[in-house]
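Step one of this worksheet: look at the structure below.
Here is how names work: the chains are called A, B, and so on, in the same order as the sequence lines, proteins then strands, and each is numbered from 1.
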Amino acid sequence: MSAAQARPVTGDPAAARPVLQGPEVGRVVDRMAHELLEKTRGGADVVLLGIPTRGTTLARRLAARVQAFEGVEIPTGSLDITLYRDDLRLKSPRALEETDVPADGIDGKLVILVDDVLFSGRSVRAGLDALADLGRPRAVQLAVLVDRGHRELPIRADYVGKNIPTSLQEAVHVMLTEDDGRDAVLLGPADVAR
Amino acid sequence: MKRHLLSAADLTLEDATLVLDTATELAQLTERATVKKLPTLRGRTVVNLFFEDSTRTRTSFELAAKRLSADVINFSAKGSSVSKGETLKDTALTLEAMGSDAVVVRHSWSGAPVNLSRFIRGSVINAGDGTHEHPTQALLDAYTMRQRLGRIEGLKVTIVGDILHSRVARSNVLLLHTLGADVTLVAPPTLLPVGVDQWPCQTSYDLDAVLPKSDVVMMLRVQRERMGAAYFPSTREYARRYGLDVRRVQTLSDDAIVMHPGPMVRGMEIAPEVADGVRSTIVEQVANGVSVRMAVLYLLLGGAEPAIGSDDQ
Amino acid sequence: MTHLLQNVRPYGGEGATDVRIADGRIAEIGPGLSLGQSTPYDGRGGVLLPGLVDLHTHLREPGREDAETVETGTLAAALGGFTAVHAMANTDPVADTAGVVEQVWRLGRDAGHCDVAPVGAVTIGLKGEQMAELGTMADSAARVRVFSDDGHCVSDASLMRRALEYVKAFDGVIAQHAQEPRLTVGAQMNEGVNSSLLGLTGWPAVAEEAIIARDCLLAAHVSGRLHICHVSTAGSVELVRWAKGKGVDVTAEVTPHHLVLTDDLASTYDPVFKVNPPLRTKTDVEALREGLADGTIDCVATDHAPHALEDKEAEWGAAAFGMTGLETALGVVVRAMGDRLSWRQVAERMSETPARIGRLEDHGRPIAVGEPANLCLVDPGARWTVDPSQSASRSRNTPFAGHELPVRVVATFLRGRPTVLDGRPA
């Protein structure tokens, strides 16, 4: 099998239209970094855990921006949720992604889960389960670059880069320079039914 | 659709790499004391069907399945109705009725897992069949090599001992060939099978000539009973010609490692100082076994359809 | 009652003719015979052969009536075109006394599907230790001429020599199952690259060839009559060819399955392909075909070895050796040999020669007026697919399930009486 098995909703990025492009993405991340500093009173005891792949990249970017703005160093890591997904039996097993938790752990920390797109909320639920196996944070918050709606669980984000109203027939593609060679958020037709 | 892991030959390079990568991630997760158990296989049933005693392999699979939250049934068939009268098919039908999703089978007859796979809907995982194969042992050996030496491709792997009767050797030759290693089998000619010249590996009768070029030396168990069947004249002569003693280990390159699938016969195929030395991977092989078997169970059972393994027969 | 076979071609020759059968004999041959009081059977241009003779059949009775009986085995034989089979001695009790061979012979006579010529064991209990009462079996009602410990090799050279000598008194033949026992301890399949990869103990060609070489030398030394059962290797063919060149009185048989199947099939671990001697390599198959074509191998024998389901639905190592073969023999031989055997030669290899080796006077006779009407009629264009569930044998262990065979037996006559008509029991 290939590691890039179908996500719940995908489509051809080439057929998609941009919602955010280039520097716009950077500005959104900057704003999120400012909000984070505000809501966490300067980022004390915060750990950023990204959900691979782009959530991890976003977590690193957020940490880098916070460092740039205030000189505060926030530990970052990644949290693979594959083994906790509730849709495992609907498709072939996926290759596992890296789970990398900062050396000091997460006990007593304010953990901010970072993902690229918030959709049904099921990934976040799986992330919360995975987190519970890793330790006992003081609190958990959620940061996403895009909230596209259509929640299936009572979950909401604490930091949202951009709300994009979508239909279920659409797919959202987040592209980040580190992973994809450029920054963009694209909206296009979905080709895999849920 | 792929369902079973019956032979190391069932695994393509992509499959094998996926198993090793997955095992690496799983090892990292479970090394953290907090994650003892992952929810991934909750509600799935794994049957350990052992027609032959092997506490080590059975325990390893049991632990692997339980760490993924699967229900485990241990079905020790040795000495039960199965050994007398009840056919493999009857046993298979019983397991089907129990609702097993996977059967991990150890059997003294070569090919029994293949036979079982014809009678069963779930996945069959070969945990060692006769003198045929032991694919998860080969996977954990490959995992251990990669962990210690950082790669498998291009490694010079020397497997020493009773190749003729070794399922570990067969699976290792096939898997390591797939993964791009150069394997050399070393044994007295009597313990190399007729036809070995067509295996994807080299052979040699001269351990001393091969050792200095080896990155990995894997010592196989040699049963004393073989002596009676005239495969070699005495354990002393065997140890002198094919045993890994302290002198021979000194001819190895600095980074070379020494492996043994266990259980070992200290003093015959391997000197105690070597088995316990820094090159030895014997203890970590056991730990790695659990991670690799978790990966296999996850990839065969974790999804709607398996990600690795052989097609239906 | 008389029968008129219309429109048949003896030995597959050009030009169809009619054959009248009366009082168990061929009464008349010629085109356009008048029907008279005869029951007609339209041969539709089919090939008429002397009834086939099998030198090597396991009927399993007495002892394993769950796998086969004389009744079911001989019916399968008739459907395969046979009018005589030699029933191997490895029954329970072993056919090593006049009592057992007469019982088997009588069961065959009562069933009436084909003649049963019992094979007597060479040694008591097939144990290879003490010679059985060969002369008494020869003198019995069963008139045993073929003696074999088949399933076991008469491995003791001295005993083999004595047996070869002893049976000369009554024109007997020792049919050797050539398998050096010490070289085949625990053997499961042909020894070669496949056995090495499958982890199955090898049955090396040399274990067969060493015995054949020894026995040919022994037969030469004592001027005895030797028959080699189920020759399976290229080396064996060469040895038999050499011995015949030296004038040794040796004959050899090959099974249909060894003419077609190879040890690649073992990779399925399906015990339906487990047989003794084992399936060999492509090179061996080719040498066997060559040997059968040039007459080095004298005849085809089925080694029909029925086994109950539970003995075959097991792990390879635990499963029984053997394949059924009576119903498929002719089709498999024709498929394997193609143009390399004419119908005339098929009659020789599958009827005349085995009858001569077994000293069966009424079988393998010419298709000529006055001869016993032991005949089989073959449709040379009737392709059919082997379906084990349709077999008349009590067992299902044919390795040819799903295979398409090129010819089919449509009628068999035993001493003038039809045992098979339209491909079904008459």
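- Residues of residues 312-320 of chain C lying under 4.5 angstrom from chain B, judged on non-hydrogen atoms, are C/Glu313, C/Ala314, C/Glu315, C/Trp316, C/Gly317, C/Ala318 by number.
- Taking CG of B/Asp90 as the reference point, atom CD of C/Glu310 lies at 10.0 Å (rounded to 0.5 Å).
- In this structure, C/Arg383 places its CZ atom where more than 12 heavy-atom neighbours from other residues, nucleotides or ligands lie under 6.0 Å away.
- Proximity to chain B at a heavy-atom threshold of 4.5 Å picks out C/Val193, C/Ser196, C/Leu197, C/Leu198, C/Gly199, C/Leu200 from residues 193-200 of chain C, in numerical order.
- Separating the CG atom in B/Asn115 from the OG1 atom in C/Thr268 is a distance of 8.5 Å, to the nearest 0.5 Å.
- Counting heavy atoms of neighbouring residues, nucleotides and ligands inside a 6.0 Å radius, atom CZ of C/Arg335 exceeds 12 of them.
- The environment of NE2 in C/His403 is crowded: more than 12 heavy-atom neighbours from other residues, nucleotides or ligands sit within 6.0 Å.
- B/His107 touches chain C through its side chain: at least one heavy atom from C-beta onward sits under 4.5 Å away, while N, CA, C and O do not.
- Note: B/Gln198 leads B/Gln198, B/Arg167, B/His165 in heavy-atom pairs under 4.5 Å with chain C.
- Here the side chains of B/Pro113 and C/Tyr269 are not in contact, with every heavy-atom distance at 4.5 Å or above.
- Around the CD atom of B/Gln202, the shell of radius 6.0 Å holds no more than 12 heavy atoms that belong to other residues, nucleotides or ligands.
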